[in-house]
Amino acid sequence: MNYDVIVAGAGMAGAVSARIMAEKGRKVLIVEKKKQLAGNCHDYKNEYGITVHTYGPHIFHTNNSAVWNFLNRFTDFEFYQHRVLAYAEGKMIPFPINVKTINSLFETNINVGQVESFLKEQVENSKFNSEIVNFRDAVVSQVGERLYETFFKNYTAKQWGRDPEELSPEIARRIPVRKNGDNRYFSDIYQGIPKSGYSRMFERIVDHENIDILLGADYFEARDHFHDSLTIYTGKLDEYFDFKYGELEYRSLKLEFKSYENSYVQPAATVNYPNDYDWTRITEFKHFLKEDSSHTTLCYEYPASCGDPYYVVMTPENDRKREMYMEDAMKLETGKQTVFVGRLAQYRYYNMDQVIEKAMEKCGNI
Ligand code: UDP
């Protein structure tokens, strides 16, 4: 069988790209190393009837209506607005930083009109590089040293296994600082959790007459059979080029799942542990789909340097290598031989919606 397009990987980048190309009338083959679809978005219902995210919690959020409308063709979304508490100084404190965070930590009673001057004073009493060069600078310049040390310093060191001063300030942009009382983790217009789960959503995305799927197959072993096809590659960027500029770093997680005979054990879906314990956060899945069960299931996240790649590591050194790989990748894209899409293939700390945007953009150009 001849295929117009080979898609390496059946995660978000691969599945969405495959669907877009199939709808353009191209014959598509997805080659996926794992024996299942959905990449790190995979989920399943456990013995207690609770939908568990196999590779850690995934909360969908976007401001892009095209992305939202695309996914809504394949799933309904449960209304869900993510809220997170940080366990610090023995208290459960709303996070990201907003007026409630300040009042809880500092035992003050300021109102939203006073947040700006409060933070200004915190920043004025702190030291950081005036040209923001690292993660610490990016946070301290917004909220000062005390809030940085309580919520960010140790979490970041635990998560990335390195000093926050070695990390890119860009990571800090993921976490807003709010002058109001909005304690949601995300403020995007569209937010939710697929009602029947992510895995089911992926099954529907790839369910198209022009798409065939090969599970449990290594793209690098299969690629010699498909010389004339266009490749949409979603795996690790450095691996595609045989690590010729050296290895890029990826950060992994060890996840521990525990179930308890209890309705709920946490007051919020996720509790972050910046300073205590070895895990970074615990997520209680029942909060997402409000499933009725005698039990509740929790996921403890332990950052790890080895294992499946979950995160790209944003340091100047990795950035430098990325630039070299991307130059080669762009040549292949211009020649319409291979297109690189997604977190691993573009070596970018993308959220799910950003991956879909990239797939739409790149496949739209083909
Ligand atoms: N972060 C932190 N304290 C927190 C939450 C996040 O210092 O309580 C930092 C940390 O460096 C983390 C980054 O912000 O890696 C991004 O956090 P996010 O929750 O977006 O991480 P993800 O959900 O992608 O693991």
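All figures in this text were calculated on a predicted structure; none of them were measured in a lab. Whatever order the structure lists ligands and atoms in, that order sets their numbers, starting from 1.
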**OP:** For Asn272, counting its heavy atoms only, list the atoms of ligand 1 lying under 4.0 Å from any of them.
**Re:** 4 (C), 5 (C), 8 (O)
Original post:
Considering only protein heavy atoms, which is closest to atom 17 (O) of ligand 1, and at what distance to one decimal place?
Top reply: Ile175 CD1, 3.5 Å
Original post:
Parallel, tilted or perpendicular: which fits the ring planes of Tyr347 and Tyr250, with parallel below 30° and perpendicular above 60°?
Top reply: perpendicular
**OP:** Report, as yes or no, whether the 6.0 Å neighbourhood of atom NZ on Lys153 holds more than 12 heavy atoms from other residues, nucleotides or ligands.
**Re:** no
Subject >> Protein residue, atom and distance nearest to atom 2 (C) of ligand 1, heavy-atom basis >> reply: Tyr155 CD2, 3.4 Å
**OP:** Return the residue, atom name and 0.1 Å-rounded distance of the protein heavy atom closest to atom 25 (O) of ligand 1.
**Re:** Tyr311 OH, 2.4 Å
Original post:
Taking His58 for the side chain and Gly56 for the main chain, is one N or O donor matched with an acceptor at less than 3.5 Å?
Top reply: yes
Original post:
In the protein, what heavy atom is nearest to atom 20 (O) of ligand 1, and what distance, to one decimal place, separates them?
Top reply: Arg174 NE, 2.9 Å
Original post:
Is Arg281 in contact with ligand 1, taking contact as a heavy-atom separation below 4.0 Å?
Top reply: yes
**OP:** Flag the pair Lys358 and Glu333 as a salt bridge only when some basic side-chain nitrogen lies within less than 4.0 angstrom of an acidic carboxylate oxygen.
**Re:** no
Original post:
By number and element, which atoms of ligand 1 are closer than 4.0 Å to a non-hydrogen atom of Gln159?
Top reply: 15 (O)
Subject >> ligand 1 contact on Trp160 by region, counting heavy-atom pairs under 4.0 Å >> reply: side chain
**OP:** Please state whether the rings of Phe285 and Phe288 are parallel, tilted or perpendicular, taking 30° and 60° as the class boundaries.
**Re:** perpendicular
Subject >> Pair Lys120 + Glu116, salt bridge at N-O below 4.0 Å >> reply: no
Original post:
Nearest to atom 13 (C) of ligand 1, what protein heavy atom do you find, and at what distance?
Top reply: Ile171 CG2, 3.7 Å
Original post:
Phe152 heavy atoms, cut-off 4.0 Å: which ligand 1 atoms fall inside?
Top reply: 2 (C), 7 (O)
Original post:
Got a sec, which residues hit salt bridge (charged side-chain N to carboxylate O under 4.0 Å, His left out) with Lys35, two or more places apart in sequence or on another chain?
Top reply: none
Original post:
In the protein, which heavy atom is nearest to atom 10 (C) of ligand 1, and how far is it?
Top reply: Thr156 OG1, 3.4 Å
Original post:
Is it the case that Lys34 places NZ or CZ above or below the six-membered ring of Tyr55, under 6.0 angstrom from the centre and within 45 degrees of the axis?
Top reply: yes
**OP:** Enumerate the atoms of ligand 1 whose separation from the nearest heavy atom of Phe95 is less than 4.0 angstrom.
**Re:** 4 (C), 5 (C), 8 (O)
**OP:** Give the residue, atom name and distance (to 0.1 Å) of the protein heavy atom nearest atom 19 (O) of ligand 1.
**Re:** Tyr185 OH, 2.6 Å
Subject >> N-O pairing of Glu78 and Lys290 below 4.0 Å >> reply: yes
Original post:
Under 4.0 Å from any heavy atom of Tyr349, which atoms of ligand 1 are there?
Top reply: 16 (C), 21 (O), 22 (P), 24 (O), 25 (O)
Original post:
Can you check whether Ala10's main-chain N or O pairs, donor with acceptor, with Glu32's side chain at less than 3.5 Å?
Top reply: yes
Original post:
For atom 3 (N) of ligand 1, what's the nearest protein heavy atom and its distance?
Top reply: Phe151 O, 2.9 Å
